[in-house]
Amino acid sequence: MPGSAPSRFVPSKDELRWIERWADAGVGHADPRSDRPAFSIAIPPPNVTGALHMGHALNNTIQDVLCRTRRMAGDEVMWICGTDHAGIATQAVVEKALAAEGIYRKELGREEFVRRVWEWKEEYGGQIIGQLKRLGCTLDYGRERFTMDDAYAKAVLHVFVALYEKGYIYRDRYMVNWDPGLGSAISDLEVEELEVTDTLVSIAYPLTDGSGEVVVATVRPETMLGDTAVAVNPGDERYRDLVGKTVTLPLLGRELPIVADEYVQPGFGTGALKVTPAHDPNDFAIARRHGLETINVIGEDGRMTEGAGPFYAGLTPAECQARVLEDLRAIGLVRKEEPYTHTVPFSHRSGARVEPIISLQWFCDMGRLAEPAIAAVEEGRVRFTPAKWGEVYLNWMREIRPWAISRQLWWGHQIPVWYRDEEIHVGLAPPEGEGWEREEDVLDTWFSSALWPFATLGWPERTPELEKFYPTQVLSTARDIIFLWVARMVMMGDEFLGEEPFSEVYIHSVIQAPDGRRMSKSLGTGIDPLEVIDEHGADALRFGLLMMSSTQDVRFSADRIDQGRQLVTKIWNATRLVVDRGGRAGLPAPAPATLADRWIASRVARGVEEAADLTARFEMSQLAKLVYELVFDDYCDWYLELLKSGEATPDVAGFALEQILALVHPLMPFVTEECWSRMPGAEGLMAVHPPPVAPGPADPAAEAEIDAVQEVVSALRAYRSRRNLPPRTRLAMDPAPAPAVAALDPVEAADDAARPTLVATLLPGGRSIHVGPLAEAVDPEVER
RNA sequence: GGGCGGUUAGCUCAGCGGUAGAGCGCCUGCUUUACACGCAGGUGGCCGGCGGUUCAAAUCCGUCACCGCCCACCA
């Protein structure tokens, strides 16, 4: 590279060029017929509606580091690329867009609406794939998959039918989490418990025989309309005589049995519990034990049903609550009202307060599926990093509950079930004959995501891709989808391929906003990775994110991005210097000629070894720190200074630079590719350059010597600084300084014993040094 | 109610049994022909509190205090 090259690398200009070059050279393309060892990673498929956020940027940088490293090492790398149809999110986005034009989903009808979603997907979906390219990610873009592709849909239906036939999937009228905002059931994992302060109301239920009353407490008086019993603890003396009697439900006049159930805590409230089987999971269980009637009073539309009686039907629960309280007060049955703080379920998807209701839904029993997936982690076939997440996974798996898999949406995999009167048909194809109607519900998005590592490779066909690249090696993700996604992939992989879909799960940091809040668009705390890329370059962003990443949550730090940008500039300028001094690429390893050469060879050797170790252990911030220090401290601050003074040789400098570029490339692909291309003798892309090798063996002797040199030089500089001497003051030193010391700093040997003004003493091993005038050599201030 | 994690320099974080580290900030010098997105030299921490183990503890154990996250069906 000519010395007249600009003193900075300009990412905005050069990065786009390299993205094209990599694509043209097929860098991300995987060949299933290759003889090379396979290395594969399945990207956590971003939502089609998604845009790159910091979490994606970090996660995909990590995956790209791993993929690039393995590719350079000679593996056939497939980084599986694609997006997720994200049922709820996508349907919501399109619905909103249509509503802006005054078009409503229900008016369009299902078929037309789904067509519009596809249209939207073709036009706006998947922009994140382009953004991943900007980040420098070497995915196999030519094999981009979508969880609603025909082939993928086939896999989904196949799995549904197979699990149905095994008896794992079944339909039941059961209590589910109903999301009134969404108009759909959601799974337990999509429910978030939030603390709220409600009013705990005590209501008197008169005994039917007129002999008194039983007082119950509730935070949801409106649900009393669906009460079908009052329960007390069997050991509760106060109520022993009442068990078997009945009370009359106020407002509706229904007669309710008083039952005894262990669930009831005698110490809570009055010790008597109103039982609303249709709207409380505990009450539902009590009702099943006692064969009680269940009466729905809140419907799927989130309003009171006919079951609530003519005065209340049609109201929202909140309106109904006010009305019920008013009516109860009017007849004098409210005994107490007090504030009460407890947790209440809210939908993670819509934010609405979840209504537990009884509904006819499809479920998947997870017990049997979980067994091999538990063993996989217990027996170490799947390993989590950090290891604690393996425990979290196991704790959840060991108490796994049935999964509510049906969703009352239109966008998704429609459940392959047909009904005709009492008949039911479950199959890949519709049944023969007239009068069949297909199940309207679709599957939970995570049901299809669970198949990602193999459905993307063509399963259930036995494709060459599947043969070569399943199972994958690593799954990298954040902890929030360990249950939703990771666990389910393991279960499905075990069930359908007989093998876990990956052996390593790396759980990376969550990047928070600089103030410690969650980074989110709605909070206004998001930082757009693309803006960072535009401003500082993808390499700087990648490096900064790797530096930030950790085993815990971290705040986004603009300083780390700066550090990355500075490293980019440093590498760029170091390359300029080396090229100027005659450094070349593509040489066979030259024999180190000087002490400095032996030293940098040793440093690079150490760096290469440590980098491999850190990469294998997913120590990304340590890896970033290592390359930073190797470039700045070793190569630039000391070695290149020695090169300028003639204490090192250009061949070794060039060779070491080539290796350093190769070492840094997986982290910062753009600047390293650019620098490589500017080294005389460089051929081919750095992206497929062989892995870095040391220009020589680790050399402890050379390292010890240079350590000593560094100490002397630092001491000299500190001495000058303390004395406020001009920086380049020449000092005479006795004994004569080592050539490397003299080269790095303007010192001269004291040739006249009467004249020396400075003493530097290197004791064996280079550990003890005095720097200062002879007269001060014993001064503790100076002694080091 | 269970479980996990955090508390280290002004800020953001590493380190996790052997004399306290980085980046940024701050102070002093430097237009040294790769780089001022730079170079050199500095300032700055009883490593949350209290106990304990050890020759030796940010580092291991116990406990307390805040902060955060996950799981959980007490009206």
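Labels below follow one simple rule: chain letters A, B, ... track the order of the sequence lines, proteins then strands, and each chain is numbered from 1.
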* Side chain of A/R576 only, please: which of B/U12, B/A75, B/C35 is the nearest? => B/C35
* Let me know, please, whether A/W389 or A/F632 comes out on the 5' side of the other along RNA chain B by nearest nucleotide. => A/W389
* **Below 4.0 Å: OP1/OP2 of B/G41 and any side-chain N or O of A/R722** => no
* Taking the same atom, P, in B/C47 and in B/C4, what whole-Å distance lies between them? -> 26 Å
* Closest to the A/Q265 side chain, choosing from B/A75, B/A34, B/A40 -> B/A75
* Under 6.0 Å from the CD atom of A/E535, do we count more than 12 heavy atoms belonging to anything else shown? -> no
* Asked: Between A/R488 and A/W403, is NZ or CZ placed under 6.0 angstrom from the six-membered ring centre and within 45° of the ring axis?
  -> yes
* Counting side-chain heavy atoms from CB outward, which of B/C69, B/G41, B/A72 is closest to A/R401? -> B/A72
* Ion pair check, A/R289 and A/D261, cut-off under 4.0 Å -> yes
* Glycosidic class, syn or anti, of B/A58 using a 90° window around 0 -> syn
* Residue A/R617 excluded, over 12 heavy atoms near CZ under 6.0 Å -> yes
* Asked: If you measure only the distance, is there a donor-acceptor pair under 3.5 Å linking the side chains of A/Y263 and A/N282?
  -> yes
* A/H342 vs A/Y340 aromatic rings, parallel, tilted or perpendicular, using cut-offs 30° and 60°? -> tilted
* Could you give the distance separating B/C13 and B/G6 at their P atoms, to the nearest angstrom? => 13 Å
* Asked: On a whole-Å scale, what distance lies between the P atoms belonging to B/U53 and B/C61?
  -> 15 Å
* To do: Give A/D480 one of three labels, base, sugar-phosphate or nothing, depending on what nucleic acid heavy atoms sit under 4.0 Å from its own.
  => nothing
* OP1, OP2 of B/A75 versus side-chain N and O of A/H342: anything below 4.0 Å? -> yes
* Asked: Hey, does A/R560 reach any base, or is it just sugar-phosphate, or nothing, if we go heavy atoms under 4.0 Å?
  -> base
* Hey, do the aromatic rings of A/Y174 and A/F284 have their centres closer than 6.0 Å? -> yes
Show each protein N/O and nucleotides 14-19 of chain B N/O combination with a separation under 3.5 Å, one pair to a line.
unit_1, atom_1, unit_2, atom_2, d
B/A14, OP1, A/S550, OG, 2.4
B/A14, O2', A/Q622, OE1, 3.0

* Structure fact -> Assign each of A/Y628 and A/K274 the nucleotide of RNA chain B bearing its closest heavy atom; nearer the 5' end lies the nucleotide of A/Y628
* Between B/C24 and B/C60 - P atom distance, rounded Å -> 30 Å
* Asked: Any donor-acceptor pair under 3.5 Å between the side chain of A/K570 and the base of B/C35?
  -> yes
* Scan A/Y263 against the nucleic acid and name what it touches under 4.0 Å (heavy atoms): base, sugar-phosphate only, or nothing. => base
* **N/O (side chain, A/Q566) to phosphate O (OP1/OP2, B/G38) under 4.0 Å** => yes
* **Gap separating the CG atom of A/L328 from the CG atom of A/L333, nearest 0.5 angstrom** => 6.0 Å
* Please tell me which of the listed nucleotides, B/C35, B/C69, B/A22, lies nearest to the side chain of A/Q563? => B/A22
* For RNA chain B, which ranges pair as stems of 3 or more consecutive Watson-Crick or G-U pairs, with both donor-acceptor distances under 3.5 Å? -> B:1-7 with B:65-71, B:10-13 with B:21-24, B:26-30 with B:38-42, B:48-52 with B:60-64
* To do: Over 60° means perpendicular and under 30° means parallel, so classify the ring planes of A/F9 and A/W572, tilted if in between.
  => tilted
* To do: Step by step, work out the salt bridge (Lys or Arg N to Asp or Glu O under 4.0 Å) result for A/D745 and A/R720.
  => CA-CA 11 Å; A/D745 228 85; A/R720 265 196 214 94; 2.7 Å; yes
